[in-house]
Amino acid sequence: MKMTEYNPQKIERKWQRQWKETGIYKTKDSVKGKKNFYHLVMFPYPSGDLHIGHWYNFAPADVYARFKKMSGFNVMSPIGFDAFGLPAENAAIKRGIHPEKWTYANIKAMSKQIESMGNMFDWSREIITADPNYYKWTQWIFLQLYKNGLAYKKKAPANWCPKCHTVLANEQVVDGKCERCDVIVVQRDIEQWLFRITKYADKLLEGLDGLDWPEKTKLMQKNWIGKSEGTLIQFPISNFQFPNKSQNPNDQNFLEVFTTRIDTILGCTYCVIAPEHEIISNLKSQISNLDEVEGYIEQSKKKTDLQRMETDKQKTGVELKGVKAINPATNKEVPIFVSDYVLAHYGTGAIMAVPAYDERDFEFAKKFNLPIIKAPLAPKDEMIKKLGAKKTINYKLRDWLISRQRYWGAPIPIIFCDKCGEVPVPEKDLPVKLPNVKNYLPTEEGKSPLAHSEKFIKTKCPKCGGPAKRETDTMDTFVCSSWYFLRYADPKSSNKFADAKKIKSWLPVNMYVGGSEHAVLHLLYSRFFTKALKDLGHIEFNEPFSALTHQGIILGPDGQKMSKSRGNVIDPDELVKNFGVDAVRMYLCFMGEYSQGGPWNPTGIMGVKRFLEKVWKLKTNLDIKCPSGRLMSKSLETLLHKTIKKVGEDIKNFKFNTAISALMILLNQMEKEKELRVTDYALLVTLLSPFAPHIAEELWSQLKNKNSIFEQPWPKYDPKKIKEETFELVVQINGKTRDRFEAPIGIAENEAKDLTLKRENVKRYTDLPGRQASAKNQIIQKVIFVPNKLINIVIK
RNA sequence: GCCCGAGUGGCGGAAUUGGCAUACGCGCACGACUUAAAAUCGUGUGGAGAAAUCCAUGUGGGUUCAAGUCCCACCUCGGGCACCA
């Protein structure tokens, strides 16, 4: 069969079938003489349809992967599905379909769509996090963390989404609202599982330095961790009386505060404690306005986080009457207030207020008519010594809340026994399978739907064999995705989460491509898992992703975020039907800077489509144009080598738009040539192949090549052939371009100057009546010569 | 409020890091082919001016022989954090 017309759909079908049959993208764990290169895109969750955003993530990333493969690396580019979790579950519930059925139907549909992109994904390594063979190891990792004190259960106020009926991690609360459904989050006292990510705060901070990541992302993590160095100081309570009950050794007769500004302590005129602060219960007998205080505490407990934030300008609070603290620096008594502008979970939950130096304290002081003293600043170190204060470090980062009162997740492998208490499921009993229940709807009472499944709950205690109950909460889906990159190294392993040798040969990930919305979620959690697994001796590296790139967001043609209600959604399937996969891939690369994204231009794609057609036509004309064996023109040769250099360098830097522009320039030049060698045309096709793999593979085979173009080495350029012999010397008069002429590379300053002064265009400025152009008689003040670039004559 | 990032033709965007601003593409205009249209090909395309030339990289200042690029102030947009003491 000989194809004469360019029919993208036909070519795509042909080569996608061929690639599948030959298994060209199946990755071996090692190839002799080649270095492994782990190239990863963030795996999608099975939401339903493949969005243009997925394309923008995967297609340009595939250009990079193919380029790496052709550059001599053994490239692994795996794909899978982040199948558990709220998004899939909510979508399923909305349609009245069981989450499992819905999820697997979507995976099937989306796999087909992903395959249509023609990426070099290795499907033999596909993973699905909802598969028991996968989540067995998610549970196993949970147990490792649990056994080493990095996972714990506690009852405390947590972010509760009233619509999703589950608690959420701090990272999943955006502006006081649930990141999934935008409903205002409330605080709810509930038993919850947490990972002790705070133990790794410092390591997570330090590790950022060595990473080839966008600076902005590193900064976001740094700010999220929020390290601040300060001091703990004790403010004695005057006339402190221990409560009547038997004396608790933890009861303190002082108030400990945290400050980063101990130098301002002389200006401290009152103290403030958070409504949740423990000291209140010990002071009860001394507080004369206890009813008022407790009323205030009740009130602030009822507030949502969002309401607390809204009180931005209006500070509230109540003084603890009958109790005073003593400022240890001045030995003066100061009042104590309870106010919700102080956060219980940060520092000690208590502050020394210095209204003269702190804006928030100033506002509060003004409202309650408290003294504002502009005291002199004291030297920090001296003050610490004098007061016997302790230097300390605080972090904004809080422990990661991972339990969800939802059905569609990996069960937490813990058993509760009346006799033995909390008992981890023995590793040999993993996985704890998620039962296929009929009643999977979330409940209001703060319990997982699994709590209704007697069959699931009832079990035996692994320790004593007595009757016991299973934990019914499931894990946050971010737990599943915090280690998936390890599994790709050995996706079928049944006796380990992945073979150590295989992990060593592939990890850390060499290039990770995905959205920046995960800057403090997935990317932080994965770093935590990696560090914990390393400390527990399971892996040998500290950081999961050596290099990271974010794609931008594609907006609708109207410049607005794409949404069905706005009707500005661009459907990639439709584009593929109209323009072909190669054109879609290529236009995504061409439309602008990769990390920037931007509005979709419906007519812009015609440009790359035309380009591909021209490449095709050039081949048709080749037989006429090329009498075989002719030398190409000097100028084409230079351009060809320059293009090889530019395209390679641009792909390496994810500057796909300028790489394509260089290819267009090369094509435009080739079209103008009277004769064209087959080998030179083949070079163009090779340079094009990472962007438009289907047409390139077809043209390559039409050039009578038997192997795949992707088994070709990336072309090398000859640095000698890039060097030109002449250049265009720019002549400026007072910094403005007035002339230019061809001059040999390396021309000396004197020679360039002489030639320049003889130019007619220059004489017009320098040959003034009665004066001569020379630096001596002051027409010419100065001559600036930039070798191989320009000459600037400064005249008066 | 604080911390990042960005503002370049009608539009998406280039610019070897201080050296010809507007590459490449879209769009538009004119021409060729056609009975005609589409497609295709060719030419032109920042603004003003007859021209010399002048003016243009968010605004205003500065440094420099030379600024889109460096410095200062401001404006607008995007992102992050948000009572973290």
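These values consider heavy atoms only, across backbone and side chains, with no hydrogens, waters or symmetry-generated copies. Note that this is a predicted model, so its numbers are computed, not measured. Throughout, a chain's letter reflects where its sequence line sits, starting with A, and its residues are numbered from 1.
Rounding to whole angstrom units, CG of residue A:D340 and P of B:A85 are separated by 18 Å. The CD-P distance, from A:E256 to B:A85, rounds to 16 Å in whole Å. In this structure, CE of A:M586 is placed 11 Å from P of B:G25, rounded to the nearest angstrom. A:I265 has its CD1 atom 16 Å from the P atom of B:A85, to the nearest Å. Computed from coordinates, the A:L667 CG to B:A23 C1' distance equals 16 Å when rounded to whole Å. In this structure, A:Q596 places its CD atom 9 Å from P of B:A6, rounding to the nearest Å. Rounded to an integer number of Å, the gap from A:L639 CG to B:A23 P is 17 Å. Computed from coordinates, the A:H345 NE2 to B:C83 C1' distance equals 10 Å when rounded to whole Å.
Between A:R610 and B:G25 there is no side-chain N or O to OP1 or OP2 distance below 4.0 Å. Within the structure, every side-chain polar atom (N or O) of A:K609 is placed at least 4.0 Å from both OP1 and OP2 of B:A39. Under 4.0 angstrom from either OP1 or OP2 of B:A85 there lies no side-chain N or O belonging to A:Y341. Checking the phosphate oxygens (OP1, OP2) of B:G25, no side-chain nitrogen or oxygen of A:N601 falls inside 4.0 Å.
Partners of A:Q234 under the side chain to side chain donor-acceptor pair (under 3.5 Å) rule, at least two apart in sequence or in another chain, do not exist in this structure. For A:E517, there are no side chain to side chain contact (heavy atoms under 4.5 Å, CB included) partners, not counting sequence neighbours. Looking at residues two or more places apart in sequence or on another chain, you find a side chain to side chain contact (heavy atoms under 4.5 Å, CB included) between A:T330 and A:L266, A:N327, A:K332. Residues that satisfy the side chain to side chain donor-acceptor pair (under 3.5 Å) test with A:S339, not counting sequence neighbours, are absent from this structure. Every residue meeting the side chain to side chain donor-acceptor pair (under 3.5 Å) condition with A:Y346, not counting sequence neighbours, appears here in chain and number order: A:S228.
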Using the 3.5 Å cut-off, write out each protein N or O paired with an N or O of nucleotides 77-80 of chain B and the distance between them.
{"from": "B:G79", "atom 1": "O2'", "to": "A:K216", "atom 2": "NZ", "distance (Å)": "3.3"}

Return the polar atom pairs (N/O with N/O) between nucleotides 30-34 of chain B and the protein under 3.5 Å, or none.
none

Short heteroatom pairs, N/O only, protein and nucleotides 45-53 of chain B, under 3.5 Å:
{"from": "B:A52", "atom 1": "O3'", "to": "A:R764", "atom 2": "NH2", "distance (Å)": "3.4"}
{"from": "B:U53", "atom 1": "OP1", "to": "A:R764", "atom 2": "NH2", "distance (Å)": "2.7"}
{"from": "B:U53", "atom 1": "OP1", "to": "A:Y765", "atom 2": "OH", "distance (Å)": "3.1"}

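Within the model, atoms NE2 of A:H518 and OG1 of A:T217 stand 12.0 Å from one another, a figure rounded to the nearest 0.5 Å. The structure places NZ of A:K642 at 13.0 Å from CD1 of A:I644, a figure rounded to the nearest 0.5 Å. In this structure, CD1 on A:I52 lies 13.5 Å from CD1 on A:I553, to the nearest 0.5 angstrom. Separating the NZ atom in A:K396 from the NZ atom in A:K227 is a distance of 14.5 Å, to the nearest 0.5 Å.
For A:Y594 and A:F656, the distance between ring centers is under 6.0 angstrom. Aromatic rings from A:F235 and A:F254 are positioned such that their centres are separated by 6.0 Å or more. Ring to ring, A:F362 and A:Y357 are not that close: their centroids are 6.0 angstrom or more apart.
A glycosidic torsion no more than 90° from 0 defines the syn conformation, and B:U17 adopts it. Taking the syn range as angles within 90° of 0, the glycosidic angle of B:G60 is outside it, so the base is anti.
For A:V794, whose side chain is taken as the heavy atoms from C-beta onward, the closest listed nucleotide among B:A23, B:G25, B:C65 is B:C65. Across B:C83, B:C24, B:G27, the shortest atom-to-atom separation from the side chain of A:K315 is found for B:C83.
A gap of 11 Å separates the P atoms of B:G25 and B:G42, to the nearest Å.
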When the side chains of residues 597-606 of chain A are checked against the rest of the protein, which donor-acceptor pairs come out under 3.5 Å, sequence neighbours left out?
{"from": "A:N601", "atom 1": "OD1", "to": "A:T603", "atom 2": "N", "distance (Å)": "3.0"}
{"from": "A:N601", "atom 1": "OD1", "to": "A:T603", "atom 2": "OG1", "distance (Å)": "3.0"}
{"from": "A:N601", "atom 1": "OD1", "to": "A:G604", "atom 2": "N", "distance (Å)": "3.3"}

Please list every donor-acceptor pair under 3.5 Å in which a side-chain atom of residues 662-670 of chain A meets a protein atom from a residue at least two apart or in another chain.
{"from": "A:N668", "atom 1": "ND2", "to": "A:M664", "atom 2": "O", "distance (Å)": "3.4"}
{"from": "A:Q669", "atom 1": "NE2", "to": "A:E673", "atom 2": "OE2", "distance (Å)": "3.2"}

Given pairs defined as Watson-Crick or G-U wobble with both distances under 3.5 Å, what dot-bracket annotation applies to RNA chain B, with ( ) intrastrand, [ ] crossing, | other strand and . unpaired? (((((((..(((......[....)))((((((.......))))))(((....)))..(((((..]....))))))))))))....

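A:D582 and A:Y587 form no side-chain donor-acceptor contact under 3.5 Å, judged by distance and modelled atom types alone.
Side chains of A:F741 and A:L755 form a contact here, defined as non-hydrogen atoms less than 4.5 Å apart.
Between A:F364 and A:F337, the ring-plane angle classifies as perpendicular under the 30° and 60° cut-offs.
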5' to 3', nucleotides 14-20 of chain B under a 4.0 Å protein heavy-atom cut-off (B base, S sugar-phosphate only, - none) gives SS---BB

